[in-house]
Amino acid sequence: MANTALRTSWPSPSFSLKLLAAAIAASVFLLLTLSLLFASSTDPSDFKLGFSSGRLIRGRAVLAIKSDPLKPRLDQIRKQADDHRSLVLAYASYARKLKLENSKLVRVFSDLSRNYTDLITKPPYRAMFDSDTSSIDESALRKLEKEVKERIKVTRQVIAEAKESFDNQLKIQKLKDTIFAVNEQLTKAKKQGAFSGLIAAKSIPKSLHCIAMRLMEERIAHPEKYLDEEKPEFENPKLYHYAIFSDNVIAASVVVNSAVKNQEEPWKHVFHVVTDKMNLGAMQVMFKMRDYNGAHIEVRAVEDYKFLNSSYVPVLRQLESANLQRFYFENKLENATKDTTNMKFRNPKYLSMLNHLRFYLPEMYPKLHRILFLDDDVVVQKDLTGLWKIDMDGKVNGAVETCFGSFHRYWQYMNFSHPLIKEKFNPNACGWAYGMNFFDLDAWRSEKCTEQYHYWQNLNENRTLWKLGTLPPGLITFYSTTKPLDKSWHVLGLGYNPSIDMKEIKNAAVAHFNGNMKPWLDIAMIKYLPLWKQYVDYDNEYIQACNFGL
C-alpha cells in the first residue's frame, strides 16, 4: 500500500518532458518578442549604421526618396515653369502671325521664354531635377519656387497688357479674312456674271428669230416680188455710199431708217447691205416692205462675192485649221469659264466673214471712191454728208480716236512682247473706234492696205500677235493712214457704259451701242433704249406678229 501511494503522488517521466518542452518554447517566444520590440524602437540611422553593408539598407534609401514630400513640390514648380514658357512662346508666335514682329511686345515674349529656359538650366536647380539618389535641398527649392513665381507674375502681367493689342489685331485679321472671302465670292460671281452676260449677248431673242422666220416664209411664198435688181445708183461714185454688214434684220433696218430720216436729200444716198445666205431672203423682204424716201438699198449675200475664198482670204483658210476649230467649237465648260477675260474671244463670230468684210471694201465696190462703213449697232442722228467734204490729207481711214490718259492705247490690243509688234508699232499710239469709219478707197488702193492686212493676218495664225477680233488688225493695217475725226461724229459705249453724258449723246452724229448690252436684247440699258427704239418700224406686220420689243 505504501508503495502504491508513493507512485500516484509523483508525475510520470513522460509528463515531465512535455512540461519542459513547453517552458522552453515560451521562453524563446518571449525572447523573440522582446527583440522585435527593441528593434522597432531603434533609430533608423543606428539601423543603417549597424547594417550599412546589407541589402535592406539600399531598399530603405529608395523608399525614402519616393516618399520624400519635396519631390512632388519640385515637379509642380517645374510644370508651372514649362507651362508658362510654352504660353509665352505661343503668344510670340501669334504676335508674329499678326505681323507684330517688329514690336517691343514680341521681344518681351521672347525674353520671357529665354528666362524660363535659363532658370531651369541653372546648375543648382538642374542638379535637383537630375538627382534621384539624394534628398532635395529645401532651401534651393524655395529659391527656385520664388524665382518661378516672379517670372509667372511678370508673364501674366505682360499677357494682360498685350490682350487689348491682340484683340485689335485679331479683329483686323478677321476683317481681312472676311474681305478676302468676300473678294473670292465677288470674283466668282463676276466670272459667272460675265459668262451669263456673254451668253445673253450672243443669243438670239425669240422674237427676233421669229421675225427672220416670218420674213423668210414671205420670201419663199412670193419669190417673184423679191428678185435681185441692179440699179446704176449702186455704182454711181457721185452719190453717198454706205456699207452695212449684218445678219440681224432689225438692227440693219434701224441703221438704214435712222440714216435716211436724218438726211436732207435721201435719194442721193445708197446703202449696201451685206448678209449671209441664210438671212438673205429675210433682208430682201424687210427692205422691200417700205419706202425710204428715195434712198437706194442693195441687199446681197457675202457668198455672192466669189473672190472671197480660202485661197485668197487668210481668215477663211485659218477657219479650216483643226486647231482653230478645236479652239472655237470644242464644247468644254472649262474652256468657257476658266478665263473670263478672254472668254469673249472664243466666239466664232470673230472669224465670220461678215466681220472681216470691212477689209475688202475696195474690191467689193471697185467703182467707188469713198464709202462710209457703219456697224449694225449704231443709230444715225444727224446728216452725215459733211463727212464727204472732209479733206482726208491722203489718209485712208477717218475715225474718232478713243484714247484718253492711258486707255485704249495700242499696247492694250497687241502683244508687244513679240519682236515684230515691238519693232513696227508705238505701244502708246492712240487707238480709234470701228463702227463709223469713213474710207477713201482710192487712197486704200494706193497704200495696198488689203495686202498689209493679209500679211499680218497670216502671221497671227497662232494668235501670238493679238487675240482676235477686227480692231487689232485694223489698228495695224491703218497704223499710219488714219485721220482723226472730231469726236462729235461718233459717241461710243451705249452698250456698256451707263455714265455717258446725255448732252454728248444728243450732239453726236452717230450713237454706237458697242458692248454686250445691245438695244434689241433684254439686257439693254433702259436709259439709252429710246434712242434706238424710235427707229424700229413697229408698224411692220411681222414685227407686230412676233411681239418684238414687248
Side-chain angles (χ1 to χ4, degrees), residues 79-118 148-201 332-346 403-409 411-413 417 467 493-501 515-517 522-528:
K79 185 177 184 304
Q80 289 179 346
D82 287 342
D83 289 348
H84 282 80
R85 178 177 174 275
S86 299
L87 185 62
V88 295
L89 285 175
Y91 270 88
S93 174
Y94 191 61
R96 292 187 185 94
K97 181 181 177 183
L98 294 178
K99 303 190 184 305
L100 294 172
E101 48 266 345
N102 296 323
S103 71
K104 179 181 177 182
L105 195 58
V106 176
R107 293 193 297 274
V108 169
F109 281 128
S110 298
D111 291 342
L112 283 173
S113 172
R114 190 165 47 254
N115 287 342
Y116 280 111
T117 302
D118 294 343
V148 169
K149 285 183 177 180
E150 288 175 354
R151 282 163 174 75
I152 290 175
K153 182 179 179 181
V154 173
T155 299
R156 291 179 177 176
Q157 183 178 355
V158 171
I159 290 175
E161 293 174 354
K163 189 174 184 303
E164 182 178 355
S165 174
F166 275 18
D167 288 346
N168 292 336
Q169 290 297 324
L170 182 61
K171 290 176 183 177
I172 293 172
Q173 189 63 41
K174 286 183 176 180
L175 182 59
K176 288 180 178 179
D177 292 343
T178 302
I179 293 173
F180 178 79
V182 171
N183 281 336
E184 287 288 300
Q185 294 176 355
L186 179 61
T187 300
K188 184 177 180 181
K190 282 182 176 180
K191 287 183 178 180
Q192 293 175 341
F195 182 56
S196 300
L198 285 175
I199 292 176
K332 289 185 178 180
L333 181 61
E334 60 268 24
N335 289 342
T337 58
K338 68 182 179 182
D339 187 356
T340 54
T341 304
N342 299 326
M343 194 193 318
K344 65 179 181 179
F345 296 114
R346 286 186 172 272
C403 62
F404 56 96
S406 62
F407 293 97
H408 296 288
R409 302 283 177 175
W411 62 266
Q412 291 178 295
Y413 300 98
S417 63
K467 291 176 183 177
L494 279 68
Y496 70 89
N497 185 358
S499 305
I500 306 173
D501 190 340
N516 286 337
M517 300 178 183
D522 292 337
I523 60 174
M525 293 188 188
I526 303 300
K527 65 182 295 186
Y528 303 139

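Sequential numbering from 1 along the given sequence is applied to the chain's residues.
The closest side-chain heavy-atom distance from Tyr116 to Ile152 is below 4.5 Å. Under the 4.5 Å side-chain criterion, counting only non-hydrogen atoms from C-beta, Arg114 is in contact with Asp111. By the 4.5 Å heavy-atom criterion applied to side chains, Tyr413 and Lys467 are not counted as neighbours.
With sequence neighbours left out, Asp177 forms a side chain to side chain donor-acceptor pair (under 3.5 Å) with Gln173.
Atom NE2 of His84 and atom CZ of Arg156 lie 4.0 Å apart (nearest 0.5 Å). Once rounded to the nearest 0.5 Å, the distance linking CD1 of Ile179 with CG of Asn183 reads 7.5 Å. Distance check: Leu494 CG to Tyr496 OH gives 9.5 Å after rounding to the nearest 0.5 Å. Remark: Lys527 NZ to Ile500 CD1 distance equals 8.0 Å, nearest 0.5 Å.
The two residues Met525 and Gly495 come nearest to each other via the heavy atoms CE-C, 4.2 Å. Smallest separation of non-hydrogen atoms from Arg85 and Thr117: NE-OG1, 2.7 Å. Ile523 approaches Asn516 most closely through the heavy-atom pair CD1-O, 3.6 Å.
Using a distance-only test at 3.5 Å, with no hydrogens or angles considered, no donor-acceptor pair links the side chain of Glu184 to the main chain of Phe180.
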